[in-house]
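Everything below concerns the one structure shown next.
Values reported hereafter were calculated over all heavy atoms of this structure, with side chains retained and with hydrogens, waters and symmetry mates removed.
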Amino acid sequence: MALSTSLRSNLVRPLTGLTALSSTGHLRRPFSSSADDSTVITVETSVPFVGHKCDPPSRNVETTPKELLGFFYDMALMRRMEIASDSLYKSKLIRGFCHLYDGQEAVAVGMEAAITKKDCIITAYRDHCIFLGRGGSLVECFSELMGRQAGCSKGKGGSMHFYKKENGFFGGHGIVGAQVPLGCGLAFAQKYSKDETVTFAMYGDGAANQGQLFEALNMSALLDLPAILVCENNHYGMGTAEWRAAKSPSYYKRGDYVPGLKIHFSSKVLQESDEYKSLCKPALGQDFGQVLGKSLLGNLNMVGDAAMQLCEVQLWLSEGLLSVCSRGLKVRVEGISSPAKENGGLVEFAVVEQLSHPREVEFTAGSARKAVDGMDAFAVKQACKFAKEHALKNGPIILEMDTYRYHGHSMSDPGSTYRTRDEISGVRQERDPIERIRKLILSHELSTEAELKTIEKKVRSEVDDAIALAKESPMPDPSELFTNVYVKGFGIEVAGADRKEVRGVLP
């Protein structure tokens with residue numbers, strides 16, 4: 001099907017629901033354009049936020065008629081795109097892995113409303129709608145899904161590897177959890193350049209148990225990086241329910257679920273001991289990392305401050321193993337001595353408090369956490385705004401988005417063998433993110449039901465036209481197989497299996 005030049009230009013524009021709606025004034029109530037921008041509507045989030053080591057923000061979120069209608073348009077477009085992708089996959093026009101996002105649209109839309117394109121987002125393989133929200137076009141999406149040249153990754157990435165660096169979107173990644181350390185690296189670059197931006201590193205509940213996630217979070221907390229770790233908890237990691245895979249499914253406060261003992265040391269205890277006289281007193285004013293390591297429980301790193309006479313360490317007991325975590329890595333010894341008493345070569349600890357609940361213990365100093373209703377676009381917007389302000393001032397924070405996917409984990413998963421159809425339909429009826437926005441629009445009389453149906457018909461037509469245009473795009477040239485792999489100009493040769501015949505030279 002041949003498409004007109006004007007239609008082509010419209011389809012390759014980035015997703016901007018507000019712009020799209022502004023050109024269809026007949027779909028709205030008779031608000032003036034100035035009223036759409038200035039009229040403030042206060043919306044209350046569906047449920048309160050749950051904070052951990054931070055005070056949650058207000059449930060009252062300010063919006064405008066223009067933003068409300070924009071949310072509806074953007075989420076309707078994302079939903080239709082994913083439903084169309086389902087059909088294309090079943091028609092074998094999309095090959096390989098394909099993970100759909102329908103049901104989770106509020107996360108993508110709400111996040112974009114709170115940040116700018118200078119902020120970075122990096123996610124896993126369920127990335128189509130995140131890319132669209134970052135300014136990608138429908139034609140780029142469908143072309144990439146079908147492996148065509150017009151795709152955002154030139155047709156070589158497919159469903160799991162969307163990318164738009166110029167708009168701060170650093171992919172789609174196929175390895176579970178691997179994008180989180182990369183996201184923290186982006187945050188390191190942002191702090192280094194002092195540009196007052198943040199990175200949202202997104203992952204699912206299935207990736208929440210990855211060791212690399214905790215390593216990245218630990219480093220981010222040590223360096224106070226502007227990293228926001230976003231767990232999109234749709235409650236099923238592939239086909240495994242969260243309660244079967246995670247000892248603590250409260251992902252916004254992960255790391256705090258093993259028993260802990262909080263132990264205080266007093267610096268006055270040892271000031272008269274031989275240990276202080278031989279190790280600490282001669283070292284005043286010098287930097288030490290393990291000044292008392294040998295005599296205090298192996299390699300114990302003590303941390304102190306000249307203004308403080310108390311130090312704290314955390315003793316963690318897990319399956320009989322004892323480990324020690326201090327609040328820092330280096331000691332500057334300026335009158336702060338080892339606050340322990342030597343007793344026959346052993347260290348005597350005074351347990352002053354036993355913590356009965358793990359949430360009272362800090363695992364990653366400097367990391368706050370918060371749980372969010374990920375099916376409520378305005379809750380996501382408020383949470384992301386709060387998280388950005390926090391990360392710029394205090395370092396990393398974890399957001400847990402309580403959301404739900406309607407499709408299976410991927411197109412190879414029917415999604416109904418480990419959950420009931422009643423469960424899926426129940427979420428659709430009670431928590432669907434698009435229906436929530438629809439009800440808000442109707443309750444504030446910003447549009448009629450018939451006008452919203454017209455918007456949905458327009459969305460359907462846009463998606464169909466974009467698919468037709470994407471089908472016209474050719475497949476990548478075979479030479480593209482060798483591009484973007486090795487650095488150019490080194491004359492790399494491709495040999496046969498016996499390495500006696502040179503088959504080609506890579507560009």
Side-chain angles (χ1 to χ4, degrees), residues 43-62 106-107 110-111 113-115 119-121 180 183-184 186-188 190-191 196-203 205 208 213-233 246 248-258 260 262 312 314 316 325-328 353 355-403:
V43 177
E44 186 177 66
T45 61
S46 55
V47 293
F49 296 103
V50 181
H52 182 60
K53 302 188 184 305
C54 66
D55 295 324
S58 169
R59 291 180 62 185
N60 296 322
V61 187
E62 291 186 350
V107 177
M111 182 181 299
I115 62 177
D119 296 307
C120 298
I121 297 179
V180 177
C184 293
L186 290 170
F188 182 90
Q190 289 169 323
K191 182 169 183 177
E196 294 299 305
T197 57
V198 300
T199 293
F200 289 80
M202 306 175 72
Y203 59 98
D205 52 288
L213 189 151
F214 292 93
E215 294 177 43
L217 178 60
N218 176 64
M219 183 171 291
S220 298
L222 287 172
L223 300 176
D224 292 329
L225 301 182
I228 300 167
L229 274 62
V230 181
C231 177
E232 292 184 281
N233 181 9
S248 170
S250 298
Y251 300 106
Y252 70 102
K253 55 183 181 181
R254 291 300 295 269
D256 290 7
Y257 55 84
V258 295
K262 187 173 183 180
E312 292 182 0
Q314 307 292 342
W316 294 81
C325 299
S326 71
R327 293 199 177 196
E353 179 183 4
L355 302 179
S356 58
H357 196 285
R359 65 193 297 268
E360 301 177 45
V361 184
E362 293 186 13
F363 178 71
T364 51
S367 294
R369 291 107 176 186
K370 186 144 68 74
V372 184
D373 182 1
M375 305 290 272
D376 182 346
F378 288 105
V380 175
K381 173 187 171 182
Q382 185 82 329
C384 290
K385 179 182 177 182
F386 171 87
K388 180 175 178 178
E389 294 173 354
H390 173 95
L392 289 173
K393 294 179 181 178
N394 306 305
I397 182 172
I398 299 174
L399 299 180
E400 180 184 344
M401 304 293 183
D402 183 357
T403 185

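For Glu196, the side-chain contact (heavy atoms from CB on, under 4.5 Å) criterion is met by Leu392, not counting sequence neighbours.
Contact annotation: the side chain of Val107 approaches that of Met202 to within less than 4.5 Å [non-hydrogen atoms, C-beta and beyond]. Considering only heavy atoms from C-beta on, Thr403 stays 4.5 Å or farther from Asn233 through its side chain. Between Leu229 and Ile397, every side-chain heavy-atom pair lies at or beyond the 4.5 Å cut-off. Put simply, the side chain of Val198 reaches to within 4.5 Å of the side chain of Phe200, judged on heavy atoms. The side-chain heavy atoms of Leu217 and Pro396, taken from C-beta on, include a pair separated by under 4.5 Å. Within the 4.5 Å cutoff, side-chain heavy atoms of Cys120 are placed close to those of Gln190. At a threshold of 4.5 Å between non-hydrogen side-chain atoms, the residues Val372 and Val230 do not count as touching. Side-chain atoms of Leu399 and Cys384, non-hydrogen and from C-beta on, do get closer than 4.5 Å to each other.
Expressed to the nearest 0.5 Å, how far CZ of Phe378 lies from OG of Ser46 amounts to 11.5 Å. Interatomic distance, CD1 of Ile398 versus NZ of Lys53, reported as 11.0 Å (0.5 Å rounding). From Cys184, atom SG reaches atom CD1 of Ile228 across 11.0 Å, with rounding to the nearest 0.5 Å. Within the model, atoms CG of Leu213 and CG of Asn218 stand 11.5 Å from one another, a figure rounded to the nearest 0.5 Å.
When only modelled atom types and interatomic distance are considered, Thr45 and Gln382 share no side-chain donor-acceptor pair under 3.5 Å.
Here the side chain of Lys191 pairs a donor or acceptor atom with the backbone of Leu223 at under 3.5 angstrom. For Glu232 (side chain) and Met401 (main-chain N/O), no donor-acceptor pair under 3.5 Å exists by modelled atom type.
For residues 376-388, the salt bridge (charged side-chain N to carboxylate O under 4.0 Å, His left out) pairs, not counting sequence neighbours, are Glu67-Lys381, Asp119-Lys388.
Closest approach of Pro226 and Ala187 over heavy atoms only: CD-O, 3.4 Å. For the pair Phe49 and Ala383, the tightest heavy-atom approach, listed with the atom from each and the gap, is CE2-CB, 4.0 Å. When every heavy atom of Phe214 is checked against every heavy atom of Ala208, the shortest pair comes out as CE1-O, 3.5 Å. Taking every heavy atom of both residues into account, Ala106 and Ala377 meet most closely at CB-N, 3.7 Å.
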Exercise for review: Using the side chain to side chain contact (heavy atoms under 4.5 Å, CB included) rule, take Ile121 and Ile115 through it: C-alpha gap first, then chi angles, then the decisive distance, then the call.
Suggested key: CA-CA 10 Å; Ile121 297 179; Ile115 62 177; 4.0 Å; yes

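Within a 6.0 Å sphere centred on CD of Glu44, heavy atoms belonging to other residues, nucleotides or ligands number more than 12.
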